[in-house]
Structures are given as structure tokens and as C-alpha cells.
Number of protein chains: 2
Amino acid sequence: MSRTAGSSGKKTLAAIREAGLDLIHERGFEAVSLRQLAARVSLQPGSLYNHIETKQDLLFDLIHNHMVTLLQSVDAALDGIEDPLAQLEAFIAFHLTYHIERKREVFIGSSELRSLDPKNRKKIVALRRTYEERLCDILERGAAKRLFKIDDIPVSAYAILAMLTGICTWYDAKGRIDRKTLIDIHTRLVLQGVLK
Amino acid sequence: MSRTAGSSGKKTLAAIREAGLDLIHERGFEAVSLRQLAARVSLQPGSLYNHIETKQDLLFDLIHNHMVTLLQSVDAALDGIEDPLAQLEAFIAFHLTYHIERKREVFIGSSELRSLDPKNRKKIVALRRTYEERLCDILERGAAKRLFKIDDIPVSAYAILAMLTGICTWYDAKGRIDRKTLIDIHTRLVLQGVLK
DNA sequence: TATAAAAACGATCATACGTTCGTATCCTGG
DNA sequence: CCAGGATACGAACGTATGATCGTTTTTATA
């Protein structure tokens, strides 16, 4: 027995990534073995290496992919909006929606940073910093226009991001709270905290 | 060679816990080996078992200890305060201070929950729930007295906790922001978000 | 349709892991 | 001051890990 009928590199790699997101999200990167991952995609452990470089590479690939998508998406979501208040509202709605839809990626992207080797981590941290800058910019421009009253912009940005990102650990899309309600609650919390 | 001169069970166990907090905080529970831990306290790997039951037991011990202390401390911090607004301020100040002083424990206590086996995890989750209830109670009583206007108490409590806990990932006690400023900024953010 | 590349298998490598054990030495309570 | 428990060593256990290899079969290109 060797190459399986109907096998295709693209599909297998996609399956590996998907299974990787699932497993790492559930158990953590270090706790997931390549044997478990291989079993999840019905492959022998060694065969994974037809598609990934190393285990570390897979992790970086997953996180990097997520960060790039996140940045593209936030820029798309803010595109064309000029008013800082409207921008902040759009940012909140985008951030929550994205974090609901990509719980796994977001969670891995923050909790597994330390499993990245220093070189890879550096790249991801830089991308994350860029994302944080988007919020800082909004707060800054809102403060400059005297729409917001903010004591310390970076600290406030961190606080807001932490609050919005927190939903990843508890929000259940099938639970009591629907998405719109979730966004409304958080929008109100943030805006009141920030408005003049 | 065998038992080392000057060795004492109490001191060794304390050193193991301390090193455990450090290592797990830095690298994550799964990534820390008992050999690394033993080396950190200048012991042979097998000797750890004079002081701990298993690796899993050590983790539970660290987290459980932290949660019990957290609960005792929050109750002490709120003791005697009646006004919900004052309670909320006290809660914020306490939570931030505690989380600054015990970054490692707090971080491990949330990020390594999944490394606990189900039985242990259940106990910790129950303790955490109790802590969350403290904040929910404050919000509830403040809302009942028409001091606060809150759309959804559990969601708001989660949001506030996430925001306050977020500092663990970035706050540096030796950095630009001193503790009082940090507390002021967060107090203002939360209160504005919650007040009527 | 011939042929190279792609993708899988199954076996295997060296290493690292958590844990146990027998033994030696030290500390402490009676 | 001595007996016995406490504490450490060092070697070892079985298992799991990430990764490599040669081989075989399928797919896709030209």
C-alpha cells in the first residue's frame, strides 16, 4: 500500500490545518502530538511531512495566516468611515464578529505565542502590534476631535481589546445571547467609558 | 551520595512551587518537564517525588492554592463596604493589585485550566465561578439601587473581568505606568461604562 | 501514453518524557 | 545518643515523541 486513491495535496493540507486548529484549540500545541493530528486526518504520522515542514512550522503557518486575515479584514471593515465615533463602533462590531467566528484561530493566536520560537514569535507580535495600532489611531483621532476623553490611549486600547477579546473564552453562539445583543452590550460599555 | 546536608522538606517544597510557577508561567505546563523543574531547584528528577504526588498534582496544587487565596483576599477587600459604587471601586482596585502582584498564578490559573484533568478542573472552575459571583452581586445590587444601568449583568461582569485581567499579559510594574495610574484609568473606564 | 512529481505507507531512529525503585545519608524526636 | 523517618541520589522502566527513510502507488504534465 502507498499513495491513496483520490488523494490531493491541497485537500490534505487543508484538512491538516483544520484538524490542527481543532486539536490545538482543545488541548494546546504542546499537548497535541503529530500522531493525534495524523489520526484525525486519517494519515500515518510520517505522511504529514509531505505537507508540513515541522510541527513548529504548522503552528506558525496557522497563526500567521490568521493575523494576516485579521488585518485585511479590519481594514476592510473600517474602509470609508471617517468619523472616529463611527469608526470605533465599526471596530467593536468587527472585532466581536470576527472573534466569534474564529474563536479557534484567535485563541491559538494569543495563547500559543509562547510555543513559537523567537523568530516566528517576533513576526506575529509585530502583526499584532499593527492591529492594536488601528484601535489606538481611532482613539487618538477621537480624542483630538474632543469626541473622546481618554486618560491614556495605549492603556485604554489594551483594556478595550482585552474586554472584547475575552468573549472567546465563554461566548457560545448557540447560547442565551445572540450576536447583536452581544455587540450592543459591549458597544455601550466601551462608548460610555470613552465618550466625553 | 544521597541525602544532602541542610535539606528540609518545607524549604524544598516551597522552592519546587516557586520554580513551578516560574517555569509554567514562562513555557506552559505541558512544555515544562520534571527534569527542567528538578534542575531549577538543584534536584534529581526522581527526588521531586518526595514532595509532589504527580506532575498533575503539582499543577492542581498551584492553581487551587491561588484560587483559595484570591477568594479570601477579595472578601477581605470588600469587607465592611456597603455602597455598591464603593464596592465596585474596591473590587477594581483589589483585582488589579492582586493581578499585578500575582501575575504568574493568575496567568497559570486561567491558561492552564485545560491541562487539569476533568476532576481537578471542575473544582477550580467552581472556585472561579464563586469569584465571578462577587462581581455579579455588586453589579446586581448597584442596578437594584438604580446606581448602575446595566444591560446584562453576567455579560457585563465577564467583560469587566476580562478587561481587568488583561493587564497580566502586558503590565510591567517597572514601566511607564505606576499602579495608581493604572487603577485610576481602569476605574474610570469601568465606572463610566456602568453608571447611570 | 510515457514519465516525473506528488502523496501515501510502514518501519524505524534517537531522544525525552513521567515515574519507580533500591540505597545511602542526614535530621530529629524520645 | 540512637533509632527511624525524611530526603536525596542515580539508575532504570516503559512509553511517547518529532522526525527520517526507502518504497510504492497514484496523479498530472507534456
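Within every chain, numbering begins at 1; the chains are lettered A, B, ... in the order of the sequence lines, protein sequences first and strands thereafter.
Within the 4.0 angstrom heavy-atom criterion, no nucleotide atom of any strand lies near B:Leu48.
Distances from the side chain of B:Thr12 to the nucleotides D:dG10, C:dA7, D:dA8 place D:dA8 closest.
Counting distance only, with no hydrogens placed and no angle test, the side-chain atoms of A:Asn50 and the base atoms of C:dA6 include no donor-acceptor pair under 3.5 Å.
Nucleotide C:dT20 holds its P atom 9 Å from the CD atom of B:Glu53, rounded to whole Å. In this structure, B:Leu58 places its CG atom 14 Å from C1' of C:dT19, rounding to the nearest Å. For A:Leu59 and D:dA19, the CG to P distance is 12 Å, given to the nearest whole Å. Here D:dA6 presents its P atom at 17 Å from CG of B:Leu43, a figure rounded to the nearest Å.
Considering only side-chain N and O atoms, A:Gln44 lies under 4.0 angstrom from the phosphate OP1 or OP2 of C:dG10. Checking the phosphate oxygens (OP1, OP2) of C:dA8, a side-chain nitrogen or oxygen of A:His51 falls inside 4.0 Å.
Contact between A:Leu161 and A:Tyr131 at its shortest, heavy atoms only, is CD2-CE2, 4.1 Å. Closest of all the heavy-atom pairs between A:Leu113 and A:Arg121 is O-NH1, 3.3 Å. Of all heavy-atom pairs spanning A:Leu37 and A:Ile16, the tightest one is CD1-O, 3.9 Å. When all heavy atoms are compared, the tightest approach of A:Leu116 to A:Gln56 is CA-OE1, 3.3 Å.
Using a 4.0 Å cut-off between charged nitrogen and carboxylate oxygen, B:Asp184 and B:Arg188 do not count as a salt-bridge pair.
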- Task: Any chance you could lay out the side-chain contact (heavy atoms from CB on, under 4.5 Å) test for A:Ile108 and A:Leu59, step after step, and finish with the verdict?
- Result: CA-CA 9 Å; A:Ile108 293 171; A:Leu59 179 62; 4.0 Å; yes
Reading nucleotides 11-18 of chain D from 5' to 3' and marking B where a protein heavy atom lies under 4.0 Å of the base, S where only the sugar-phosphate is that close, and - otherwise, the string is -B----BB
